[in-house]
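Scroll down for the structure; my scribbles are underneath it.
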Amino acid sequence: MRTKSFSLLALAAVFTLSACGGSQNSNSNPAASGAKAAGLDVNKTYIVATDASYAPMEYMENNAVVGFSHDILDAAAKSQNVKLEFVNTPFKGLFANVDKGDSDIGLASITINDERKQQLDFSDPYFEATQMIVTTDRNANIKTFADLKTRPASVQAATSGDLILQDLQGKDSQNIKRFETMPLAFKELESGGVDAVVGDSSVVAYYVKQNPNAKLNTVVDPSFVKEHYGFAFKKGRNDGLREAINKGLAQIKTDGTYDKIHTQWFGTPSGNSAAASSASQ
């Protein structure tokens, strides 16, 4: 009987010590506990799917993803102790990748619009841009977007440029030449395969500056609306992660980190005008 009583007492003591130890561990890092309760695991490395072919926003350099969008997301995440891994993913399948849960965040200079918000959740906006038309001297008569009504033009497939050309020419137009990346769309213009390229101002201005020998011209039509980029998340999931990124974006805008990154990539601090950021390319 004494042996049995001792065993029960010893076992009870072990449970008591374990419970106390567990309580101390959970209280030792209240921030981590709160984050986990909000759906954010600070011990997890979150996967970011990015179409790294969109310089200077996100592109590959020395086998690593670099660029303005990359640096903004990375800084916002680090400010909240969130760990990220960036994986190069074609833009055409990127939304499905996030929707299926194969990645946690989509980063590809994604314009936030009502149609996409039906499929995905988005962070707060982190950049403002607009569409831009690119031509060569042989197509100098293209002055407005309406001039492309019956003209062949190249775009990166599934981008905003693709969508507005569909609105202008029709979804089944044979004059819309779609490519997997923007550099390929530009090469089609330079080879004479199309009369124009339509793409985001941030990328167009950078490409034009980097390729002066191509003698490319740019046109911004007054009808082009301002667009805002956001980071994409699976709809109805990862709310804790999305909230952490939004907090991080707010923090880096307040402490000057955002302006520092903007100046690094565009030559000037951030402003309210997409044209101002593009002009600094």
Side-chain angles (χ1 to χ4, degrees), residues 39 46-55 57-59 65 67-70 72-73 76-77 84 86-132 145 153-173 176 178-182 185 197-204 221 223-250 274 277-278:
Y46 290 95
I47 303 299
V48 182
T50 177
D51 172 31
S53 64
Y54 221 58
M57 305 304 285
E58 54 272 344
Y59 63 103
V65 178
F68 174 80
S69 296
H70 165 275
I72 291 298
L73 178 58
L84 303 176
F86 294 82
V87 178
N88 195 6
T89 306
F91 184 79
K92 195 170 183 179
L94 192 142
F95 293 173
N97 185 291
V98 175
D99 184 54
K100 290 188 297 184
D102 292 340
S103 57
D104 302 294
I105 305 175
L107 178 156
S109 298
I110 304 169
T111 298
I112 303 170
N113 60 36
D114 291 339
E115 181 179 352
R116 288 171 176 170
K117 285 194 290 186
Q118 292 178 11
Q119 180 183 1
L120 300 165
D121 288 331
F122 286 91
S123 69
D124 293 335
Y126 70 91
F127 190 78
E128 182 181 281
T130 188
Q131 290 302 296
M132 190 175 280
F145 186 52
S154 59
V155 295
Q156 182 176 2
T159 61
S160 295
D162 187 357
L163 296 176
I164 66 170
L165 266 179
Q166 289 181 46
D167 289 340
L168 178 69
Q169 298 187 0
K171 291 185 177 181
D172 299 323
S173 173
I176 303 175
R178 298 178 176 87
F179 294 87
E180 187 175 344
T181 68
M182 280 302 294
V197 173
V198 180
D200 287 13
S201 56
S202 56
V203 175
V204 166
D221 191 289
S223 68
F224 291 160
V225 299
K226 293 179 179 178
E227 302 175 7
H228 297 94
Y229 296 165
F231 305 117
F233 302 81
K234 182 178 175 65
K235 195 164 187 64
R237 300 286 296 275
N238 284 334
D239 284 345
L241 176 60
R242 184 163 59 93
E243 290 172 8
I245 295 303
N246 281 340
K247 288 180 181 178
L249 286 173
S277 64
S278 297

Subject >> Nearest heavy atoms of Leu94 and Ala49, plus distance in Å >> reply: CD1-O, 3.5 Å
**OP:** Please report the closest heavy-atom contact between Val98 and Ala232, naming both atoms and the distance.
**Re:**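 That would be CG1-O, 4.2 Å.
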With sequence neighbours excluded, residues passing side chain to side chain contact (heavy atoms under 4.5 Å, CB included) with [X]:
X: Val48; value: Leu73, Leu84, Phe86, Ile105, Leu107
X: Ala55; value: Tyr59, Tyr206
X: Lys235; value: Asp121

Original post:
Tell me, do Val197 and Met182 make a side-chain contact under 4.5 Å, heavy atoms counted?
Top reply: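 A side-chain contact under 4.5 Å exists here.
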Original post:
Can you find a pair of side-chain heavy atoms, one from Phe122 and one from Ile110, that are under 4.5 Å apart?
Top reply: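 The answer is yes; the side chains approach within 4.5 Å.
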Original post:
Can you list the residues that meet the salt bridge (Lys or Arg N to Asp or Glu O under 4.0 Å) rule with Asp102, with sequence neighbours excluded?
Top reply: Lys100
**OP:** Please step through side chain to side chain contact (heavy atoms under 4.5 Å, CB included) for the pair Thr111 and Arg116, ending with a clear verdict.
**Re:** CA-CA 8 Å; Thr111 298; Arg116 288 171 176 170; 3.6 Å; yes
Original post:
If you measure only the distance, is there a donor-acceptor pair under 3.5 Å linking the side chains of Ser223 and Asp221?
Top reply: yes
Original post:
Step by step, would you call Val203 with Gln156 a side chain to side chain contact (heavy atoms under 4.5 Å, CB included)?
Top reply: CA-CA 11 Å; Val203 175; Gln156 182 176 2; over 6 Å; no
To the nearest 0.5 Å, tell me how far [X] [atom1] sits from [Y] [atom2].
X: Asp124; Y: Ile245; atom1: CG; atom2: CD1; result: 11.0 Å
X: Ile47; Y: Thr50; atom1: CD1; atom2: OG1; result: 12.5 Å
X: Gln131; Y: Phe145; atom1: CD; atom2: CZ; result: 8.5 Å
X: Thr159; Y: Phe179; atom1: OG1; atom2: CZ; result: 12.5 Å
X: Phe233; Y: Tyr46; atom1: CZ; atom2: OH; result: 10.5 Å
X: Tyr229; Y: Ser160; atom1: OH; atom2: OG; result: 7.5 Å

Checking [X] side chain against [Y] main chain: does a donor-acceptor pair fall under 3.5 Å?
X: Ser201; Y: Met132; value: no
X: Thr89; Y: Asp51; value: no
X: Ser202; Y: Ala129; value: no

**OP:** Output, in order, the C-alpha distance, side-chain angles, deciding distance and verdict of side chain to side chain contact (heavy atoms under 4.5 Å, CB included) for Glu58 and Ser109.
**Re:** CA-CA 8 Å; Glu58 54 272 344; Ser109 298; 2.8 Å; yes
Could you give the side-chain donor-acceptor pairs of residues 163-172 under 3.5 Å, partners two or more places apart or in another chain?
unit_1, atom_1, unit_2, atom_2, d
Gln166, NE2, Asp162, OD1, 2.9
Gln169, OE1, Ser173, OG, 2.7
Gln169, NE2, Leu148, O, 2.6
Gln169, NE2, Arg151, O, 3.0

**OP:** Give a yes or no on this: more than 12 heavy atoms of other residues, nucleotides or ligands lie within 6.0 Å of atom CZ of Arg178.
**Re:**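 Check passes, neighbour count above 12.
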Subject >> Partners meeting side chain to side chain donor-acceptor pair (under 3.5 Å) with Asn97 (sequence neighbours left out) >> reply: Ser103
